[in-house]
Amino acid sequence: IMNNSNLLDIGYTRGSSFKLSPNILQRHLACFGSSGSGKTVACKVLIEELAMLGIPIIAFDPQGDIASLAIPESENFLKDKNLNTKKIKDYIEKVEVVIWTPAIDKGLPICINPLQFNEIDGMTNQEKTRLFSVISKNIVSLIGYKLTNDEGKIASAVLETLFLDTNSTNIKLESFKTLTRLLNNLPDSIAETINGIASKKFIQTLIKKLNLLNVGSRKLVFQNGTPSNINTLLGKDNSNLKTRISVIYLNTLHTAAEKEFFIASIAQDLYRWMLKNPLSKGQEGIQCSLFLDEIAPYIPPVKKPACKESLDLIFRQGRKYGVSCIVSTQSPGDVDYKAIGQFSSFALGALNTKQDISKVKRRLESITPKEVDSIIKKLPALQPGEFLFISPDAFENIMEINVRWLLSKHTVLSEDQIPNLIS
């Protein structure tokens with residue numbers, strides 16, 4: 001592969017450097033490998049490389065080890081790992097890592113108000129209906145309803161009807177208190193519709209559940225810190241010209257429902273952002289990247305967490321807008337393969353369980369049918385940092401690669417370590 005400054009320097013293959021065109025990632029990449037295989041390091045290498053090429057990243061960090069991208073390694077350490085020290089200088093000069101902490105002030109606090117429907121001007125009625133439907137489901141899931149049963153469906157329909165009506169009548173929903181006041185005293189325009197699907201007792205229960213979002217630590221998710229904004233997360237408002245990696249530190253959220261809500265809301269904001277910011281040069285190129293580590297809980301095959309629909313939309317349409325998605329998991333057997341069907345490139349580390357290998361085999365059969373058996377035989381024997389790279393867009397054959405060492409430290413950061421990394 002030609003040595004080119006516009007390529008991603010991923011590592012080595014058979015003694016030669018392994019470089020990748022960033023445009024390959026426009027059609028998304030999934031990294032699978034068991035615990036200890038090096039899959040998170042491999043994804044962090046991609047993030048470092050994309051950022052040094054000027055491509056900003058939003059990275060969800062469920063465990064605290066993505067945030068350590070903010071700590072550069074020492075030059076001496078990297079020399080011992082045979083890395084050119086110019087790379088670490090480039091990383092420090094060109095990249096800034098911002099750690100956002102929902103609900104607390106340890107990093108840069110960030111909040112989401114799902115009722116402030118930003119950037120909907122210019123949307124068609126169909127697009128607005130779809131948006132309000134997704135936001136309704138996110139809220140309903142957050143307050144404890146299951147989206148698959150009748151109660152969840154009714155609660156979603158009530159909120160969606162209310163959102164459509166307030167939008168058409170230009171009523172601003174400032175907070176959940178405004179929302180519950182309207183539910184207590186339904187506008188005449190929708191009273192008959194809502195009373196036809198939900199009893200008064202049901203509405204009162206819905207109001208009580210919504211009121212819980214205004215008390216205790218939970219209200220911090222909606223009120224504490226910088227309101228979530230994609231241009232801010234991507235550093236488009238950045239005056240220092242560095243490329244921003246925005247790490248969203250999910251450990252500060254205490255329930256699975258809160259994490260799903262946060263991921264869903266930002267994915268939804270990103271979807272609206274990309275509709276307003278199409279690629280300027282035809283259909284080639286990457287504007288930004290979205291990274292989700294340990295994605296299995298968020299796109300499971302059967303369950304429907306609140307964020308699944310929003311993520312699936314980004315996976316399906318992101319490539320048209322230059323929004324690259326990178327995901328990783330140690331449990332590929334627990335991932336919905338219809339969603340992963342949108343991914344064209346795969347980095348496979350060591351996998352050992354029959355369930356995980358059979359799921360990977362099924363996906364590979366549609367991508368590289370002639371080489372499936374040889375890939376499956378190699379997977380259990382791969383060492384940490386060794387990967388089989390499969391990308392029909394870029395390479396005719398499987399590439400056996402060793403991922404390079406990180407320019408940043410690879411460690412798990414606790415909440416108490418984050419304040420020292422925020423300027």
Side-chain angles (χ1 to χ4, degrees), residues 1 7-21 24-25 27-47 49 65 81-82 291-302 315 324-406 410:
I1 297 169
L7 297 177
L8 308 173
D9 180 12
I10 308 301
Y12 307 91
T13 177
R14 297 189 178 95
S16 301
S17 60
F18 178 75
K19 295 179 187 287
L20 189 67
S21 166
I24 297 304
L25 300 185
R27 297 186 66 192
H28 311 325
L29 178 139
C31 184
F32 299 152
S34 59
S35 180
S37 64
K39 68 185 180 311
T40 302
V41 168
C43 292
K44 289 171 74 172
V45 165
L46 285 169
I47 290 170
E49 290 289 326
D65 51 356
K81 298 295 180 182
N82 297 318
F291 171 58
L292 294 100
D293 196 21
E294 292 303 341
I295 197 172
Y298 307 115
I299 54 165
V302 180
F315 296 163
S324 163
C325 297
I326 301 169
V327 303
S328 78
T329 182
Q330 63 180 340
S331 307
D334 296 332
V335 166
D336 183 349
Y337 265 68
K338 287 181 182 175
I340 295 299
Q342 304 298 323
F343 286 64
S344 296
S345 297
F346 292 83
L348 304 180
L351 287 171
N352 300 302
T353 71
K354 285 183 180 179
Q355 182 196 15
D356 289 340
I357 290 174
S358 66
K359 266 292 184 86
V360 168
K361 182 177 181 180
R362 205 179 312 162
R363 178 71 186 106
L364 292 178
E365 282 170 344
S366 63
I367 298 175
T368 175
K370 293 179 182 177
E371 297 182 287
V372 170
D373 291 336
S374 66
I375 293 172
I376 297 305
K377 284 177 186 174
K378 290 175 181 176
L379 287 179
L382 293 173
Q383 298 300 304
E386 293 180 351
F387 288 85
L388 303 180
F389 192 87
I390 299 137
S391 180
D393 295 341
F395 309 105
E396 289 183 6
N397 302 311
I398 308 162
M399 305 298 290
E400 298 183 26
I401 68 171
N402 290 80
V403 172
R404 71 158 172 80
W405 203 266
L406 282 166
H410 184 53

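When a residue number appears, it is its place in the shown sequence, counting from 1.
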Does L46 form a side chain to side chain contact (heavy atoms under 4.5 Å, CB included) with C31? I'd like the steps, not just the answer. CA-CA 11 Å; L46 285 169; C31 184; over 6 Å; no
Has S37 got a side-chain atom pairing as donor or acceptor with A350's backbone, closer than 3.5 angstrom? no
Judged by atom type as modelled, is there a donor-acceptor pair below 3.5 Å linking the side chain of K44 to the main-chain atoms of D65? yes
Hey, could you give me the CG/CG distance between N397 and L388, rounded to the nearest 0.5 Å? 12.5 Å
Under 3.5 Å: donor-acceptor pair, side chain of S324, backbone of L25: yes
Inter-residue atom distance T329.OG1 - E294.CD, 0.5 Å rounding: 5.0 Å
Any chance you could measure I10, atom CD1, to I401, atom CD1, to the nearest 0.5 Å? 7.0 Å
Hey, is the main chain of F315 close enough, under 3.5 Å, to the side chain of H28 for a donor-acceptor pair? yes
Nearest heavy-atom contact between I24 and S345 is CG2-OG, 3.5 Å
Around E365, counting heavy atoms of other residues, nucleotides and ligands shown, do more than 12 lie under 6.0 Å from its CD? yes
Closest non-hydrogen atoms of G341 and R363, given as atom of the first, atom of the second and distance, are O-NH2, 3.2 Å
Determine whether the aromatic ring centres of residues F343 and F32 are separated by less than 6.0 angstrom. no
Between I357 and L351, what is the shortest heavy-atom contact and its length? CD1-O, 3.6 Å
Locate the shortest heavy-atom distance separating Q330 from S35; write the atom from each residue and the value. OE1-CB, 3.1 Å
Mind checking whether M399 and F18 have side chains closer than 4.5 Å, heavy atoms only? yes
Given side chain to side chain contact (heavy atoms under 4.5 Å, CB included), test F346 with V360 step by step and report yes or no. CA-CA 10 Å; F346 292 83; V360 168; over 6 Å; no
Considering all heavy atoms of both residues, which atom of N82 and which atom of Y12 are nearest to each other, and what is their separation? O-OH, 3.9 Å
What pair of heavy atoms forms the shortest contact from F387 to G349, and how long is it? CD2-N, 3.3 Å
For the pair I295 and S328, evaluate side chain to side chain contact (heavy atoms under 4.5 Å, CB included) and give the outcome as yes or no after the intermediate values. CA-CA 6 Å; I295 197 172; S328 78; over 6 Å; no
What is the distance from atom OG1 of T368 to atom CZ of F395, rounded to the nearest 0.5 Å? 13.5 Å
Spacing of CD1 belonging to I299 relative to CG belonging to L292, to within rounding of 0.5 Å: 8.5 Å
d(L348 CG, D356 CG) to nearest 0.5 Å is 11.0 Å
Side chains of N402 and Q383: closer than 4.5 Å at any heavy-atom pair? no
